[in-house]
Every structure is written in C-alpha cells, then in structure tokens.
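Some notes on the structure that comes next.
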Amino acid sequence: MGGGGFNVGFALLRLWMCCEVVLCHCWRRSGEGWGETFLYRMESAAVPVFMLMSFFLAAEKFAKNDVAWSRQRLGRVVVPYLAWSVIYFAVFSALSLVSSDPQFQVAPRDLGWQVLLGSSPKLNHQFWFQSVLVMLTALTVVTVRILRPRRIVLVGAAFLFVSAVVQYSGLLGTAFDAFPYESKWTLGRIAPMLAYAGLGLMLGAGRAFIDRADGRLRLGVAFGALALFLVDYVHPLFALPPGGYGYDGFGLLFSATLLLAAFYYLPTERLPGSLVAGLKALSSYTMGVYCIHLLFARILVVFVFRPMGLGDKSVPCALTAGVLAWAACWLLARIPRVEGLVR
C-alpha cells in the first residue's frame, strides 16, 4: 500500500490489463509458444478485471448513497465516452478526404450507434465497456436507494444471482443474434458484466475488514491466489454456459477475482519511492489509453504498417500505438479542462 490509500499492486494490475487491451486490438500471435499463448489468453481477462475492480473500489461510496458522488462518477465515465466518440468520428471523417481506406469511411449512423451503445465497428467498438459501465452504475445507484445503503452486500448478491440464472439457464444464449451488429454485443454482455459488478460490490463492502489483514496473511493470500489462478489457467474449473456474447460464465469471474486478491495483497512495501511514483503516474492514464489507442492503431495501420507489409495487427503496431497513447494522455492531462478525458 502507498500513501493516501494508493495500492501499488492494483496499479501494476491496471497497467498489465491495459497492455492486454492494446494487444487484443493491435497484435495477433504468430506462434504457439507459452509466452504468446499466455498473453493471448490474458487478453480476455482485461475487461473482467477492470469491471470487478471498478465496483470493488466504489462499493463503500455506493453504500453511502451519496447522490453528488454518484453524479460525479457517471460524469467521469459519460464525458470521455461521448467526447472520444465525437473525436474518432471527426478524425476519421477528415482522414477520409485523403484516404479511401474503408476504415475511415464513416457516416452519421456510425456516430449514432457509437454514442448510443459504444460499439460501432467503424469507430471505437471497445466502448461497449463504458456503455455497460454506465448502465450498471445507474442500476446500482437506483437499487441501493430502493434497498437502502446498508444492504450493499444484498445488492451485490442479487446482481450475481441474476447473472448466473440468465447465463446458465440458457436465457441469454443467442437472444440478441437477430439484433444489429452495433447493438447485440453491448446488450449481450450486460448479464455477464452484472456478475462482476455484483461480486465487486460484495468484496468492496468488506474492504475495511480486508485491509486489517496482517503481513503474513496478506502474503499467504497473494501467493495462494496466484497459485490457484495458475491451476485454473492450466485446468479451467468452470464450464461455459450455452451461447453468449463474450465474457460468459464464471470462469473469467473466478480468474479476475484471484488476480484482484493476489495484486491487492502483493508485498510492495519495499519498492523504492521513485518506482512507486512512476507506477502511480503511468497507471493514472490507463483509462485514457483504453480510449485512445485504437485511434492511433488504425491510423498507423493504414499509413505505416500496411504499406510496410506488416498487416493490420503486429508487434510494432501494438508497441507504437501503446507508447503514443500514453504520451498523448500525458500531454492532454496538462491542458486545462481536458484532463478528465484521459484519467
């Protein structure tokens, strides 16, 4: 732990998962080596970890039923979501004047879907995450007000139960297959993400107790969780439900929970202060990198890497897009009234 409640382990986990998001959109493995396979499989853990972490860290605030905080939280998600959707549309529209590449041929319809559900394939399709995060945040605020703040654990348990029933009963299955491409992925992932929100609330409600653990217990939990994570990685312990739209079942929920526990209790007390400060600075831009990396990646693919014969996904693309995204976030954070778009 660091000063002011900063958790160094969580910073490391955010950085790792943010890199996995960039890899997911910019890199394609070229072999079956254990390293490439591990990175590839961990790509699917990034969104679950971010959703679980988001509600874990916010559980105590939700429990206080603070209306002002709830509005601020929604604003911190909605404003970058809308702003980057418009920026992507504006940049691609401008680039369509100098390039005939299909990636830049966007229309108002694409912006409409992007703003509505965050999943236009021509703009920033990974924004389905922010769209679902807004929905689940609003649902949590309303549910807590109905059931009263002290029952935050009950709210979390209800979310988890509903998610399990919808997924494993087959109700989700192929329910949204007939919907337009721009809507089915966002709508189909609400039920799976509900489980991460629910468990995050339940674990976060006990955070005061969790933080009282002594050094030996912390170390035991961290390494025990990592060991169990590796066992589950080699021999998955949970079966997938029928059908679905990605992130289905409790296998990824289990893996994300183990990673959360391991990194939360990671023994980082002896790390140099300068390293901790650097990790804190870098991890503060993970939201911005998530939002902006695909913009750089698509421009680089069309004007640099595809002409070089590297294709649409490659190691150079992932590295360059990631570095440029972090650099852009650092610069934008220094412009008044723009910082909220990147962290």
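Residue numbers count from 1 along this sequence.
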Quiz item: Would you say the ring centroid of F92 lies under 6.0 angstrom from that of F104?
Solution: yes
Quiz item: Looking only at heavy atoms, what is the nearest atom pair of S99 and F303, with distance?
Solution: CB-CZ, 4.0 Å
Self-check item: Modelled atom types, side-chain donor and acceptor of R28 and S314, under 3.5 Å
Solution: no
Exercise. Assess whether atom CZ of R76 is packed by more than 12 heavy atoms of other residues, nucleotides or ligands within 6.0 Å.
Key: no
Exercise. Could you tell me whether E339 and R334 make a salt bridge, using a distance below 4.0 angstrom between a side-chain N and a carboxylate O?
Key: no
Quiz prompt | Shortest non-hydrogen separation from V21 to A46 and the atoms involved | solution = CG2-CB, 3.7 Å
Quiz item: If you draw the axis of the six-membered ring of Y265, does the NZ or CZ of R218 fall within 45° of it and under 6.0 Å from the ring centre?
Solution: no
Quiz item: Between S54 and R73, is any side-chain donor less than 3.5 angstrom from a side-chain acceptor?
Solution: yes
Run the side-chain donor-acceptor check on residues 291-298: report pairs under 3.5 Å with partners two or more places apart or on a different chain.
{"residue": "H293", "atom": "ND1", "partner": "V289", "partner atom": "O", "Å": "2.9"}
{"residue": "H293", "atom": "ND1", "partner": "Y290", "partner atom": "O", "Å": "3.2"}
{"residue": "H293", "atom": "NE2", "partner": "H25", "partner atom": "ND1", "Å": "2.9"}
{"residue": "R298", "atom": "NH1", "partner": "K122", "partner atom": "O", "Å": "3.0"}
{"residue": "R298", "atom": "NH1", "partner": "L123", "partner atom": "O", "Å": "2.8"}
{"residue": "R298", "atom": "NH2", "partner": "P121", "partner atom": "O", "Å": "3.0"}

Quiz item: Taking the six-membered ring where the residue is Trp, are the ring centres of F50 and W16 under 6.0 Å apart?
Solution: no
Quiz item: So, is the end of the K184 side chain (NZ or CZ) under 6.0 Å from the ring centre of F179 and within 45° of the ring's axis?
Solution: no
Quiz item: Is the count of non-hydrogen atoms from other residues, nucleotides or ligands lying under 6.0 Å from Y168 atom OH greater than 12?
Solution: yes
Practice problem: Would you please say whether a donor-acceptor pair under 3.5 Å links the side chains of Y285 and R14? | Solution: no
Exercise. Output every pair passing ring pair (Phe, Tyr, Trp, His ring centres under 6.0 Å) with a member in residues 215-235, not counting sequence neighbours, ordered by first then second residue.
Key: F38-Y233
